[in-house]
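Within every chain, numbering begins at 1; the chains are lettered A, B, ... in the order of the sequence lines, protein sequences first and strands thereafter. All figures in this text were calculated on a predicted structure; none of them were measured in a lab. We use all heavy atoms of the structure for the numbers below, so side chains are in, but hydrogens, waters and symmetry mates are not.
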Amino acid sequence: MDILNPAFWVFVGVVAGIYGLLALALYVQFSMAGLPNFGHVAFMALAAYTMALLVIRADVALVWAGVAGIAAAVALGLLLGIPSVRLRANYLAIATVAGSEMIRYLSTNLNLTGGAVGSVGMLGPTHFATYTNAWQPFIESITAALRHAVGSVATTDFSMFCLVWVTLGLLLMLFRRLERSPWGRVMKAIREDEEAAASLGKHVEAYKLQALVLGGIVGGLAGILWALEIGVFSPDDFQPTLTFYAYLILILGGMNRVWAIPVGAVLFGVLYSGTRFLSFFPLSLVDTGERAYLRLLIVGLVLVLLMAVRPQGMFGKREELLLEK
Amino acid sequence: MLNEWHMGSLLLQLIYNGLVEGAILALTGLGATLVWGIQRVANFAHGDYMTLGAYVAFLLDVTWSTNPVVAAIGTVVATAALAVGLHFILLRPLRGRGLVALSLITVGLGLVLRNALFLVAGSQPRQYAFNQTAVIDLGFVRVAPAELWTGIAAITAVPAVAAMLAWTPLGKTMRAVADNRDLAEISGIDTDGIGLYVWIVAGALAGLGGAMLALVQGTFDPNLGFNVLFLILTVVVLGGIGNAFGALLGGLVLGVVMEVSTWPPFFGGVPTQYQPVVGFVVLILLLMFRPQGILGRARVL
Amino acid sequence: MTEHALLVDGIVRRFGGVRAVDGASFTVQDGSITGLIGPNGAGKTTVFNIISGFLRADGGAVTFRGRRLDGFPPHRIAQAGLVRTFQAPRILTRMSVLENLMLGGVKQPGERFALACLLGSASRREREVREEAMAVLDLLRLTHLAPAYAGTLSGGQRKLLELGRALMAAPRLLLLDEPLAGVAPALADQLLDHVGTLRKHRGMTILIIEHDMEAVMSICDWVVAMDQGRVIASGTPRQIQTNERVIASYLGTVAAAHV
Amino acid sequence: MPVSYAEGGAAIVSDTILSVSDVRARYGDEHILKGVSIDVPRGSIVALLGPNGSGKSTLLKAIYGLNVKRSGTILFRPQGREAVDLLRLKPHEVTAHGVNLVPQLANIFPDLSVYENLEIGSIGDRKRTVERIERVVGVLPLLRHLLRRRAATLSGGQRQTLGIARALMSEPELLILDEPSAGLAPNIVDGVFAQVQEINRRGVSLLIVEQKARQCLAIAHYGYVLDQGRNQIDGPSARLLEDPEMIRLYLGARRRQPESH
């Protein structure tokens, strides 16, 4: 693919925005409330599957199916969270990983979810199942409207790009406001020392559950947007590694800086998608099939180097890390 | 009547299979639990250390056709060296960054190792030259020689490491470092030096476990260890972080529970592909009632 | 001074096979400063943890102003007006000193999610809480540290900050766990003055665990002595000082002569 | 070398075991010590006093190189031919040269037995472990019947004693104690100070950080006061106990005496 082709960069922008949402979901749980969820991708997967299943098998309207998908993600957050709000951080990390792996095994093996082929197989091997019938006209109408404004740049992907980034921008503003509110202060206190917070009359469990719910909503939204963007998805779209991409985006920007998320997301998008399609040296040394491995290798290397050299991210203050205990 | 007899024998076979699988999990979980407890690293690359072991063994066994014993020793040495090398180059300089930060580093490390293996060794399934069709039929259970070796390795290695921790000076030193790192340093222990031994044990056991897993499975690819990574971390948490006997017990319990869950009289039997789900359910249930793990000690305020 | 603010009745707590608290009973008079003393391992901190809801008792009852509180979670107990500090101060290191204090403020509607979405940090109550916090900082002479990360404070300053934060939570009964441990004499005097003022001007009731006998004997109206999970004596400081069981198990002959 | 005391218990500095001069130390960007100098004469007890945040504990960490960035000069046995520059050493090497430290809070290995705690203490010379345990238990007989217990089950006073015993296992020439009396009951505190004197009688030099300034000066030969990361007052302890400036700033006036007096 030509790197000068704007359509390519629009697509990269959409992916970056969706990962940015996932990182934001992680932010509210990890950076704000101190809950190290290592299985965040499960929110995305569950929301996407619930939506697709409801549309394909139960003929539910797309909007309601989407809402139900997000509700399912929230329910999962609570299911994993209610026992784990009592657990210490190490254990929460493991419990959430276990939960997300369960979702992945189930979606890969159940007939209901289409097994390894994913959404297209939801009606069995003889039918080609789609869940975007109602989505296409909607996104087309947006594209038509945008074309009036910006001309031929407006494509379906471009509409999606606008949709994703407007959503992300609004949510970022909301979270920034929340973070500076008394509510955010309690969250931070819980991250630092939940017993101290409890000793001052703060209902720690309630706040942790709120963080889990919010993370579920935003993570579920990311899953639904992802499913709508790519049209067809399979369990492979929700590999456990995805959760770590979200961590990478958080760290790229700076763990405790909510407005750094879009920067991290763009950098990650370029790094990730860029290495997928670009073919100059040294990427030219390996063939396209193997480039997927090389791409992941590079992502891993960046994660390691970043954590080693600048763990506070680009905008974080090092002294905050030193105070950590 | 015949059916009942058949089911009984099947149950024995499943328990046996579970013990073999559990032995591998215990073997690798033991290293992971020591690293987590003493070095304060939840090593998400542990599975990839195993995979690397399996490939080294393949190189020695198939490509260079050495004696299986030589291959086993070579594997253990190679993975121990890898673990120690990464400890000195990467993890030791970053100590004190907190568990989550170090875990993320090992996530990145795992991605690098796994995908490097895909690039170098390719994604096609590999198989050892070991004769895997030979089966010893003991009447009630059928035992493959590979499984026998695995069982022997686990039954000797785990208690040996546990005894080392309980009684030898090195073991006591390791426990002291796990307990209170600064005080250990003040007491005259070179804590960096101890890290070396911990990683030797962990790396060696991971390599051995990886080769064993590949052997028992029959074929393997670069995802071998990563596929069981979460089960290994489950074993660590089940047993109580840093607890060697806990890892042994956790591994065996998990292995047996996962296998026996497929026994038809048990609610019609869980389909084989859902075995890991059973494992994770066990973990989550246990954590609800005993967050510190089976043998871990509860902390009070 | 006749009403019971707190009634601890026969509480029991076991750890494994050990009875850390073995049927301890005592009362705290309204408006008093009551000292809780005893050797290490006597069960004082366990009693504190039970009163403040951080530990569940295996038996017995805790009544605060006529209301049974045992079995309540810590935040409910704090909301009922029973606020504690910790032996090793639990300050929030990566938050500013001011934020630490503001966290303590009571009745903050902005702590609810929906209101936080709407208002952010702009509300009248938030301004009031900020002013209260500044007043407390002034009282503790920490005003110049308001914007600093609490993690940069020294041990003694952390003790002061924790005390201030507890005050922000508007306690009717303040539980202080070894407020003077690790605090230099000059600062300790200052801290004791604060505690005295709180009782006098705010009518606060105070229960205090402390090993500094000079401080306990000078500031407390009533002293409860524990040993091996039980209350072995209670009385005025003077009665306690001359109580032979207390001298034998805790004060020691040297210290008793000393104070 | 014998130490002679004159002028109300002050040590005549004839031989110094630890010499700290112009030491600066920081955590990250937080500068705690801004130039501190102290000397510990061989065979003496030196008290290190001062308000919270004055840098006392940081000085101990700087001597040992634990978690702080430090500069200046810290010499062990400075007059001997083999003067040891502690700034160049890692904590375990400092111990190997004949120093040991009992930290304030986390001063035992809770998961290990008392006996194992002591074993860890003599890691430098395992062959003599048994002999050393005999000797240490001789000095601190309280531990004799506790050897099989898991250290986590000990009471506060027992823990403190074990902490000191663990440090003595390396047979240090200089023992450094960080607030040995913190959080202990009055009757136990007296015991701990008595233990300190007993250890000193057996030839070990001691540097003690304490909040209980009066009690500590009562057993010390010499005292230093730090404030805001710098030296303030120092002198023989008997003189410090009577110095009006010292009383006003650092010892605190005696509080209201109970009526019984």
Side-chain angles (χ1 to χ4, degrees), chain A residues 28 31-34 85-86 170-215 217 254-258 312 316-325, chain C residues 49 52-54 73-86 89-96 98-123 125-126 129-130 149-153 162 165-166 168-171 175 177:
Chain A
V28 61
S31 298
M32 286 175 80
V85 285
R86 294 188 300 125
L170 287 174
L171 285 173
L172 282 173
M173 276 159 60
L174 176 67
F175 278 102
R176 180 114 178 95
R177 169 177 282 255
L178 277 173
E179 200 174 31
R180 295 169 151 199
S181 72
W183 181 87
R185 187 160 59 222
V186 178
M187 276 295 180
K188 249 163 121 185
I190 290 169
R191 178 190 74 192
E192 295 295 307
D193 185 338
E194 51 185 87
E195 275 159 359
S199 79
L200 295 167
K202 314 302 174 196
H203 192 347
V204 174
E205 285 80 12
Y207 280 90
K208 282 184 168 181
L209 289 180
Q210 288 177 34
L212 287 166
V213 168
L214 282 174
I217 291 175
M255 269 311 185
N256 299 323
R257 297 283 178 281
V258 73
Q312 73 272 39
K317 282 194 228 154
R318 206 177 174 95
E319 70 173 311
E320 282 190 14
L321 287 180
L322 292 170
L323 292 172
E324 204 165 355
K325 231 176 204 161
Chain C
N49 286 340
S52 56
F54 283 88
H75 69 274
R76 290 278 303 277
I77 290 174
Q79 285 164 1
L82 225 153
V83 182
R84 71 170 295 177
T85 65
F86 295 88
R90 305 286 283 264
I91 56 150
L92 309 160
T93 50
R94 283 182 301 171
M95 293 169 73
S96 74
L98 185 65
E99 279 181 302
N100 264 269
L101 287 174
M102 289 177 72
L103 178 75
V106 291
K107 298 201 178 80
Q108 300 194 49
E111 285 181 355
R112 272 193 243 122
F113 176 73
L115 273 171
C117 286
L118 288 174
L119 293 175
S121 60
S123 79
R125 180 64 188 138
E126 180 74 353
V129 170
R130 184 180 301 268
Y149 280 119
T152 63
L153 298 192
E162 203 189 34
R165 197 176 61 188
M168 289 290 295
L175 302 166
D177 194 352

**Q.** Side-chain (E192(A)) to main-chain (R94(C)) donor-acceptor, under 3.5 angstrom
**A.** yes

Taking all heavy atoms of [X] and all of [Y], pick out the closest pair and write down the distance.
| X | Y | answer |
| --- | --- | --- |
| A78(C) | A198(A) | CB-O, 4.0 Å |
| V83(C) | S199(A) | CG1-O, 3.9 Å |
| L92(C) | A196(A) | CD2-CB, 4.2 Å |

Between [Y] and [X], is there a side-chain heavy-atom distance shorter than 4.5 Å?
| X | Y | value |
| --- | --- | --- |
| P74(C) | E195(A) | no |
| L200(A) | R165(C) | yes |
| W183(A) | L115(C) | no |

Name the region of [X], side chain, backbone, both or neither, that has any atom closer than 4.5 Å to a heavy atom of chain A.
| X | result |
| --- | --- |
| A116(C) | both |
| L119(C) | backbone |
| M168(C) | neither |
| R112(C) | backbone |

(Q) Please classify the contact of F175(A) with chain C as side chain, backbone, both or neither, using a heavy-atom distance under 4.5 Å. (A) neither

Q) When rounded to the nearest 0.5 angstrom, what distance separates CG in L103(C) from NZ in K202(A)? A) 5.0 Å

**Q.** Between A189(A), G184(A), P182(A), A206(A), the one whose heavy-atom pairs under 4.5 Å with chain C are most numerous
**A.**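 Among the listed options, the one with the most contacts to chain C is P182(A).
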
Q: Mind ranking V204(A), L214(A), L178(A) by heavy-atom pairs under 4.5 Å with chain C and telling me who comes out on top?
A: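 Winner by heavy-atom pair count: L178(A).
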
Q | Contact winner vs chain A - C117(C), S52(C), S123(C), heavy-atom pairs under 4.5 Å | A |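 Top count of heavy-atom pairs under 4.5 Å with chain A: C117(C).
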
Q. Which residue, E111(C), Q108(C), E99(C), forms the side-chain hydrogen bond (donor to acceptor under 3.5 Å, both in side chains) with R185(A)?
A.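 Going through E111(C), Q108(C), E99(C) one by one, the side-chain hydrogen bond (donor to acceptor under 3.5 Å, both in side chains) with R185(A) is satisfied by Q108(C) alone.
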
